[in-house]
Amino acid sequence: MIQMLSTRTVCCKLSLDADAVAAILATAEAFNAAATYCASVAWEERITNKNKLHHVVYGPTRVNYGLGAQLACCARDKAAEAVRAARANGSDTCPTFKPDSSIRYDARTYRLMSLDRVSLNTLTGRVMGQLVLGEFQRRYLYDTSWKIGGAELMQRDGQFFLHITQTKASPAPDEPTGFLGVDFGIVNLAADSDGET
């Protein structure tokens, strides 16, 4: 039996010092240029599978954009998902990413630390940031029944936000105790199999 997962995203404001901001901005530019390159290759060669795309773009992504191994894989994944979505929606235009678009982080490229701090991988090494949490975010992030997943670092109006995903197993659906048929009609809006209208 396939286990279904529930997923939620917690949006947290992030405070960074000037050096960290500079490193993040440079990383965002390289990351999104790499994602645009990966998307163009996937589009031209009609590849939507991340693993197949990996063998084609991994080396050039590392060499040409200076990304570490995991950030290169995250850029590839972002590109493959965008191309898959564009093809599914019937688009005839290859997806591209602006230099200030989000950076995708996985479990190896960011880490939540004590005292609401976070460590983020950049082109120049790891930088530390401080999560600015309200009661809502704190309650969700510290709920240990949910497993912390990847994150997207976004910038909006000069502010940075870390969108952290969490997952947990979905509860088993209730077993039905009976059945009821409903007929939608013109004279009676709805009539059920028990004779009620």
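With contacts defined as side-chain heavy-atom distances shorter than 4.5 Å, the pair F160/L162 does not qualify. For the pair L141/I148, a side-chain contact is recorded, criterion being any heavy-atom separation below 4.5 Å from C-beta on. Taking 4.5 Å as the limit, every side-chain heavy atom of L14 sits out of range of all side-chain heavy atoms of V132. With a 4.5 Å cut-off on side-chain heavy atoms, Y65 and V63 do not count as touching.
Of the inter-residue distances, the one linking L71 atom CG with I103 atom CD1 reads 7.5 Å to the nearest 0.5 angstrom. With values rounded to the nearest 0.5 angstrom, R117 atom CZ is found 13.0 Å from S15 atom OG. We find the OG1-CZ distance between T122 and R126 to be 9.0 Å, quoted to the nearest 0.5 Å. To the nearest 0.5 Å, the span separating CZ on R104 from SG on C73 amounts to 12.0 Å. In this structure, M128 CE and L16 CG are separated by 10.5 Å, a value rounded to the nearest 0.5 Å. Atom CZ of R87 is separated from atom CD1 of I47 by 10.5 Å, given to the nearest 0.5 angstrom.
The existence of a salt bridge linking D116 and R138 is confirmed by a sub-4.0 Å separation between a basic side-chain nitrogen and an acidic carboxylate oxygen. Salt bridge present: K50 and E81 bring a charged side-chain N and a carboxylate O closer than 4.0 Å.
Under the rule for a side chain to side chain contact (heavy atoms under 4.5 Å, CB included), the partners of S6 that lie at least two apart in sequence or sit in another chain are W146, S170.
Each of Y58 and V56 belongs to its own hydrophobic cluster when Ile, Leu, Val, Met, Phe, Trp and Tyr are linked at side-chain heavy-atom distances under 4.5 angstrom. Cluster membership check: V127 shares its hydrophobic cluster with L112, using side-chain heavy-atom separations under 4.5 Å among Ile, Leu, Val, Met, Phe, Trp and Tyr.
Looking at S102, its side chain never comes within 3.5 Å of a backbone N or O of L153 through a donor-acceptor pair. A distance-only check finds a donor-acceptor pair linking the side chain of D17 to the backbone of D19 [under 3.5 Å]. Proximity of a side-chain donor or acceptor of Q166 to a complementary backbone N or O of S145 within less than 3.5 Å is not detected. With hydrogens and angles ignored, the 3.5 Å screen pairs no side-chain donor or acceptor of R76 with any backbone N or O of L53. Although no hydrogens or angles enter the test, the distance criterion places a donor-acceptor pair under 3.5 Å between the side chain of Q137 and the main chain of G134. Checking side-chain atoms of N64 against main-chain N and O of P60 turns up a donor-acceptor pair under 3.5 Å.
Side-chain N/O atoms of S119 and R111 include no donor and acceptor closer than 3.5 Å.
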task = Test side chain to side chain contact (heavy atoms under 4.5 Å, CB included) on R8 and K168 and set out the steps.
result = CA-CA 9 Å; R8 69 182 182 192; K168 79 173 179 178; over 6 Å; no
ask   = Going through the checks in order, is the side chain to side chain contact (heavy atoms under 4.5 Å, CB included) test met by V118 and Y110?
value = CA-CA 7 Å; V118 64; Y110 90 107; 3.9 Å; yes
task = Could you go through the side chain to side chain contact (heavy atoms under 4.5 Å, CB included) check for E45 and K52 one step at a time?
result = CA-CA 11 Å; E45 301 199 16; K52 288 182 182 176; over 6 Å; no
Tell me which donor-acceptor pairs under 3.5 Å the side chains of residues 21-38 have, and how far apart each pair is, sequence neighbours excluded?
unit_1 : atom_1 : unit_2 : atom_2 : d
T27    : OG1    : A23    : O      : 2.7
T27    : OG1    : L123   : N      : 3.0
N32    : OD1    : K78    : NZ     : 3.0
N32    : ND2    : A28    : O      : 2.9
N32    : ND2    : S101   : O      : 2.9
T36    : OG1    : N32    : O      : 2.9
T36    : OG1    : F97    : N      : 3.0
T36    : OG1    : F97    : O      : 3.4

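In plain terms, the two heavy atoms of H163 and T9 that are nearest each other are CB-CG2, 3.7 Å. Shown here for L131 and C12, the closest heavy-atom pair between the two residues is CD2-CB, 3.9 Å. When all heavy atoms are compared, the tightest approach of W43 to A86 is CZ3-CB, 3.9 Å.
Both tests hold for R156 against F161: distance to the six-membered ring centre under 6.0 Å, angle to the ring axis within 45°.
Each of T109, D106, N121 was compared with Q70 under the side chain to side chain donor-acceptor pair (under 3.5 Å) criterion, and only D106 meets it.
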